[in-house]
Amino acid sequence: MMPPEAGFASPETSRRVSIKNASALDGNADANPAFPARTAADAGQQSAPGRRGPEVATSEFQKFIADSTGKILPVFGAQFFANATATATFTPISGAPVPADYPLGVGDELMIRGTGSIDIDYRATIDRNGQISIPTIGAVNLAGVKAGDAESVIRGAVATMYKGVTINVNFGKLRAITVYVVGQANRPGTYTVSSLSTLVTTLFASGGPNANGSMRHLQVKRAGKVVADLDLYAFIAKGDKSADIKLQDGDSIYIPAATGHVALVGKVNTPAIYELRTANDTIESMLDIAGGMPVVADPRRVYLERIDASKSQPRSVEQFALTGAGLKRSLKNGDVLNVTSITPDFSNAVILRGNVDQAIRAPFLPGMHVSDLIPSREYLITRNSIKRQNSAVSTGENDKVTNEAAGNIASRIGGLIDEINWDYAVVERINRSDLTVSLIPFNLGNVFSNPSSTDNVQLQPGDTVTIFSQQDVAVPMDKRRVFVRVEGEVKAPGVYQMNAGETLQSLLARAGGATPDAYFFGTAFYREQVRVEQEANLAKAAAKLENQLRIEQSKSVANARALSTNDAQAAEAQRQAELQLAKENIARFKQLKPTGRIAFGLDPAERSFTRLPQLKLENGDRLVIAAKPEFVHIFGAVNAEASPMWRSNARVEDYLKMAGLTTDADAENVFIMRTDGSVVARNTSAWSFGGIGGVIVMPGDSIVVPEKLDKETAWTKFTKGTREWAQIFANFGLGAAAIKVLKE
């Protein structure tokens, strides 16, 4: 060894010394004999990196519980290992933090760096003598030295030779140890693991206990003695790792068979099969592991199913409460504890629902009446009503963008609040002795106008009070609100609130009467209920067309079987073309939108609203008094579809001569769509153009000229049977726009 004075700076020793090793330069320490290769047993039993852990087998007790409950319960803790991946973390590792109390031993690698009077960059491995050897320094004993003290030990060894050297020590690969996993393990055998490994981490490598193994008595045996007994439930449920010790080379992990199993089902936070740690485990201790019970559990009523193989009827059940004594009851192998749910019933509540601000469950108070549950009428303003009121502000600016949006404003007037049925509300009451239900109807209006009346029903616990709107239960016409629109040629168009029983004449009078430009023959009247009925009938008509199409196609297919091959192919091609055409036409038909228009059938010369029918108004009705149109519209098989000026006393034939008929025109089936919503088809009393040419055309009328039936086009497919189609246009309140939909 060099003399101490050699460490002082002097002319003879002033040169800097550098200590390096090859492994520190290239990082290659794989050939170090201190790290033995994994055994064949270890390699065969560990999963490939990234592979899921072993599939957990189903135990006989799980199958038994499945027969009783209809589902396989998991074994508590088994998923802890099923989700584990067997990777290289169970072999010697580098880069992991080394605890300060870690005792160094043979095979541990240190990286030593020093600066000052000597430069050190050296990687060393503790040899079988427990030492490392640093060039120019000599051997340093490190076996048994704690990792936290290694730096000071090495600094002291360097200081004996050199002064003023700063030492830094890090750790590389740590030594490997060999342990044995025996007993009821998923993969028993020999394992080479890191010297930092503990009982829990090594259990991962072995896949944990098998279906019969214990999770509550995981033992480490060292030199013939049990040095650790781990309850894995304490770790999984509570995070308690106090019994998880570091392993040493040669340790054995013993997994005994489980003491027994019980099942917790029903309203527990973690329904599963649980292992008993001792024969005296209580319900309380097992519920503690399961995370207790949810708030909906009913501790007053639990059922314990038990097996006693010594009896002729081995299974029995008993009921008790989870009071102090119940929680202290011991569980036995094979027990099934079923915790029931509380009954979702209230002992002191009454319910308000229906057309109200919000449905509530209120506490019952002695002497409580309906008026206590509904203190004021404002409680009957629904949330939807409030939303409509708020949207009147948020959409007001947008409503001015287009005419359609402006029309929506008028349609919403009068609908801010859901109208209430003040004459009928009801209390539902349950007789708990025989579970019958009785209804107690009352007049809601009287509750507020005369609180002392019998309508202010005295409530009982469990009562349900339901409030209805006029849409929920239709009220008589004279009690309904009526908001109607009148537009067009009246002196004050707008939305008016009408009294029950008022008619069109009343509405026109309230609007100031008609203007001089009013064209009563073109009056359009729309009702929502009529539109709904028309829409339903239109859907039925579309379904009828589709059914007829299927019938015709079936006939065509049947007829084709009797044809020759060439004829059959030609017939099939024609059938497919007709089928496609028919489908397109039906699709157009489905696009038609009924308007809910009602035709009044007024005389074209009518000049007074007194001739309008005495029709009682309903909420949402809309009356449009048109100005006299200046044009007539011509559609169909004409040389030029046009809208010529209306001429007094001009007839259908006059306009058809003006437009010119095509060679395909079916003059006999011309029909007129009147501006009042009616349809005029062939009239045998007229004298030309198929009997309709002599009909006088009124302002705004639409003349429809179909094509002949022998030319199969999209238009003729829809104008076959003109009388039927004329009837459809009339019945569904369809106008000229519908013709365009069908034709395009």
Side-chain angles (χ1 to χ4, degrees), residues 545 548-549 552-553 555-556 559 567 570-589 591-592 629 631-647 649-675 678-730 734-744:
L545 286 175
Q548 289 175 346
L549 175 62
E552 292 299 326
Q553 288 295 308
K555 290 180 180 178
S556 297
N559 293 335
D567 291 342
E572 176 60 19
Q574 181 180 356
R575 187 183 71 83
Q576 290 296 335
E578 291 177 351
L579 176 62
Q580 181 62 29
L581 184 62
K583 287 182 176 179
E584 292 174 358
N585 291 333
I586 291 175
R588 292 191 187 96
F589 183 78
Q591 293 177 21
L592 298 177
F631 300 96
V632 172
H633 309 286
I634 307 175
F635 299 95
V638 292
N639 292 328
E641 290 187 345
S643 296
M645 292 287 292
W646 174 81
R647 292 181 300 166
N649 296 319
R651 303 175 185 275
V652 171
E653 60 181 347
D654 299 324
Y655 290 101
L656 292 182
K657 289 176 181 178
M658 184 184 307
L661 299 180
T662 67
T663 57
D664 299 319
D666 185 0
E668 294 184 357
N669 286 301
V670 172
F671 62 93
I672 307 170
M673 296 184 64
R674 291 290 199 192
T675 190
S678 62
V679 177
V680 180
R682 183 168 57 183
N683 186 343
T684 56
S685 64
W687 51 270
S688 62
F689 288 106
I692 202 171
V695 176
I696 295 178
V697 179
M698 304 307 301
D701 283 355
S702 296
I703 302 171
V704 182
V705 183
E707 293 177 347
K708 291 180 180 178
L709 301 183
D710 56 354
K711 182 180 179 182
E712 297 296 323
T713 67
W715 179 237
T716 57
K717 284 285 185 182
F718 261 100
T719 54
K720 279 184 176 181
T722 306
R723 292 181 178 176
E724 288 77 9
W725 285 107
Q727 192 65 32
I728 286 176
F729 282 112
L734 303 174
I739 300 177
K740 294 181 180 180
V741 171
L742 294 175
K743 191 173 185 300
E744 292 174 354

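FYI, the numbering just counts along the sequence from 1. Keep in mind that this is a model prediction, so the values were computed, not measured.
Tyr655 is listed as a side-chain neighbour of Arg647, based on a closest heavy-atom distance under 4.5 Å. In this structure, the side chains of Gln553 and Leu579 come closer than 4.5 Å at one or more pairs of heavy atoms. Looking at Trp646 and Pro629, their side chains never come closer than 4.5 Å, going by heavy atoms from C-beta outward. Looking at heavy atoms from C-beta onward, Arg651 lies out of side-chain contact with Val695 at the 4.5 angstrom threshold. Residues Val680 and Phe671 have side chains not in contact (no heavy-atom distance under 4.5 Å, counting atoms from C-beta outward). You'll find the side chain of Leu661 reaches within 4.5 Å of the side chain of Val638, heavy atoms only.
In this structure, the side-chain hydrogen bond (donor to acceptor under 3.5 Å, both in side chains) partners of Arg674, at least two apart in sequence or on a different chain, are Asp701. In terms of the side-chain hydrogen bond (donor to acceptor under 3.5 Å, both in side chains) criterion, residue partners of Ser643 (sequence neighbours excluded) are, by chain and number, His633. The side-chain hydrogen bond (donor to acceptor under 3.5 Å, both in side chains) search around Gln548 returns none, not counting sequence neighbours.
A distance of 9.0 Å separates CD1 of Ile703 from CE of Met658, quoted to the nearest 0.5 Å. Taken to the nearest 0.5 Å, the NZ atom of Lys583 stands 7.5 Å off from the CG atom of Leu549.
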Check the pair Gln580 / Gln576 against side chain to side chain donor-acceptor pair (under 3.5 Å), numbers first and verdict last.
-> CA-CA 6 Å; Gln580 181 62 29; Gln576 290 296 335; over 6 Å; no
Please step through side chain to side chain contact (heavy atoms under 4.5 Å, CB included) for the pair Asp666 and Val705, ending with a clear verdict.
-> CA-CA 7 Å; Asp666 185 0; Val705 183; over 6 Å; no
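Listed here is the closest heavy atom pair of Phe631 and Met645: CE2-SD, 3.5 Å. The two residues Ala637 and Ala665 come nearest to each other via the heavy atoms O-CB, 3.5 Å.
With Val652 as reference, Ile672 is the one residue of Ile634, Val632, Ile672 to meet the side chain to side chain contact (heavy atoms under 4.5 Å, CB included) rule.
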